[in-house]
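Have a look at the structure below, then the notes.
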Amino acid sequence: MITYYILTFLYILHVTHSIPAKRPFLGSRILPEQKPTKKPLGYIEDTYLNFTQLTTKYGYNSERHTVTTEDGYVLTVFRIPPKCQVAKGFPVILGHGIYDSADTWILTGPETGLGYILSNNCYDVWAVNYRGNIYSRKHLRLDPEKDSAYWMFSFDENGYYDLPAVIDYVLDVTKQKRVYYIGHSQGTTNFLVMGSLRPDYNEKVQLSILLAPVAWMKNIQSPIPKLLSRQSKQIRTALESMGLHELFAKHQFTHLVPEQLCQIAPNEICGTALALATGYTLGTITSYNLAIVVGHAFVGSSVKTLAHFGQLVYSGQFRRFDEGKAKNKRKYGSPRPPKYNVSLVTSPIVLFSARSDWLSSMKDVNILSSKLPNLVDNYVVPEPTWSHNNHVWGVNATELVFKKILQYFEKFNT
Ligand SMILES: *[C@@H]1O[C@H](CO)[C@@H](O)[C@H](O)[C@H]1NC(C)=O
Ligand SMILES: *[C@@H]1O[C@H](CO)[C@@H](O)[C@H](O)[C@H]1NC(C)=O
Ligand SMILES: *[C@@H]1O[C@H](CO)[C@@H](O)[C@H](O)[C@H]1NC(C)=O
């Protein structure tokens with residue numbers, strides 16, 4: 001995630017140096033649509049394939065579903081049905097992290113992609129795309145290109161609207177009573193927001209697995225987000241005054257440049273960026289996977305999401321978006337934003353954390369775990385170099401994380 005912060009900074013530099021201020025456009029128009037120059041770089045094909053193309057390539061069925069939220073956002077959810085006659089346990093909803101997409105669960109390929117492994121083990125897999133990313137950039141009334149109102153959301157809305165809508169949809173299609181949820185990074189934040197703002201949804205969750213959980217961010221160790229968080233209000237104001245509400249979209253330079261650079265030098269460039277951001281140790285994600293990852297990351301979200309995380313770091317609290325005193329009063333009935341009350345998240349939860357995760361530090365995870373009323377386990381991956389993204393793309397993730405997830409599911413499959 002911090003790469004994203006670093007890139008925000010670069011992005012601002014880029015924007016302020018290349019574009020006359022006050023041009024009336026939204027983020028998507030910053031750069032013209034570009035076809036990546038793939039061939040000369042000896043590219044890896046999977047970098048450029050979308051969810052459907054990837055699943056097809058590796059011999060898996062996938063379905064594309066559309067879910068509309070109460071507030072009109074149109075989301076794409078991908079389903080990978082179980083590779084078995086009969087589905088096991090409960091349908092599994094997968095929730096990606098910030099500026100990421102459903103691709104994250106399959107991009108390391110059929111041997112080590114969690115989406116495939118779950119399907120092989122007879123689970124019915126549903127991978128969400130939260131509002132604003134490349135697959136879910138739609139609304140019944142608002143146009144993401146023209147209406148800045150479209151981008152006025154953060155993980156608060158992802159948790160309040162998107163996830164409940166997806167859960168209800170999946171339960172309706174599968175005729176099940178409950179789902180499993182697996183979230184990574186912001187995917188865990190969204191889940192905790194849902195459980196505390198809409199506690200009735202806890203009934204619909206059999207078990208959730210929160211990988212690299214993000215709620216309290218008091219103790220993050222990554223220096224750059226720490227620094228930038230102090231400026232997050234100014235950064236947001238600056239970006240939005242330039243008409244920029246969408247950040248790190250697929251067609252923007254923040255995606256295109258790393259996508260190309262990481263084809264040439266995945267470890268040197270992308271590995272170093274990850275290291276600065278999340279505490280990544282060289283070699284713990286293969287450079288092959290690193291190169292693919294970058295073709296699928298930075299696929300869009302709102303400036304407001306980043307600003308909300310900045311507020312969490314700066315305030316040291318896990319609370320709703322601070323809109324400023326006057327607006328807070330109108331929206332929340334108090335001058336300060338209310339805290340998310342995670343003691344209302346009564347569904348069973350397993351936390352997965354790691355010692356070298358500079359973003360979800362052990363201290364912050366422990367604050368969260370001490371407040372959760374139905375904690376099944378606070379599992380620390382027994383590998384000292386394990387970090388934020390290793391839970392999903394890491395060498396040995398199958399051994400150290402995915403097998404464990406399957407074991408927890410077995411326990412709750414009743
Ligand atoms: C994936 O790419 C193919 C080919 O460009 C396109 O037809 C398809 O609609 C895309 N699928 C999704 C889910 O975006
Ligand atoms: C993966 O596991 C093997 C066997 O336990 C170990 O030798 C290796 O160092 C691990 N690699 C990483 C990157 O964690
Ligand atoms: C949080 O929820 C718990 C459980 O319902 C309740 O006892 C407590 O008063 C709530 N805390 C706040 C600050 O609202």
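Read the numbers this way: they start at 1 and go in the same order the structure lists the ligands and their atoms.
For Asn50, a nitrogen or oxygen atom sits less than 3.5 Å from a nitrogen or oxygen atom of ligand 1, counting backbone and side chain alike. Among the atoms of Asn396, some N or O lies under 3.5 angstrom from an N or O of ligand 2.
With ligand atoms numbered from 1 in the order given, ligand 1 contributes 11 (N), 13 (C) to contacts under 4.0 Å with heavy atoms of Thr52. Each of the atoms 13 (C) of ligand 1 lies under 4.0 Å from some heavy atom of Phe78. With ligand atoms numbered from 1 in the order given, ligand 2 contributes 14 (O) to contacts under 4.0 Å with heavy atoms of Glu383. In summary, the atoms of ligand 3 found under 4.0 Å from a heavy atom of Asn341, numbered by their order in the structure, are 1 (C), 2 (O), 3 (C), 8 (C), 10 (C), 11 (N), 12 (C), 14 (O). Near Leu344, with a cut-off below 4.0 Å to any heavy atom, the atoms of ligand 3 are 2 (O), 4 (C), 5 (O).
The backbone N or O of Val205 lies less than 3.5 Å from no partner atom in the side chain of Ser347, so there is not a single donor-acceptor pair.
Taking the ring centroids of His65 and Phe78, they lie at or beyond the 6.0 Å cut-off. Two rings, from Tyr123 and Phe409, have their centers less than 6.0 Å apart.
Between the side chains of Gln221 and Asp357, not a single donor N or O lies within less than 3.5 Å of an accepting N or O. In this structure, a donor-acceptor pair under 3.5 Å is present between the side chains of Asp322 and Asn328. No hydrogens or angles considered: a donor-acceptor pair under 3.5 Å links the side chains of Asp71 and Thr69.
In terms of protein heavy atoms, atom 13 (C) of ligand 1 is closest to Arg64 NH1, 3.3 Å.
A cation-pi arrangement is not found for Lys411 relative to Tyr408, the charged atom failing to lie both closer than 6.0 Å to the ring centre and inside a 45° cone about the ring normal.
There is a protein heavy atom less than 4.0 angstrom from atom 2 (O) of ligand 2. There is no protein heavy atom less than 4.0 angstrom from atom 5 (O) of ligand 2. At a distance under 4.0 Å, a protein heavy atom can be found next to atom 11 (N) of ligand 3.
Of the heavy atoms in Phe51, none comes closer than 4.0 Å to ligand 1.
A salt bridge does not link Asp124 with Lys83: every distance from a Lys NZ or Arg NE/NH1/NH2 to an Asp or Glu carboxylate oxygen is 4.0 Å or more.
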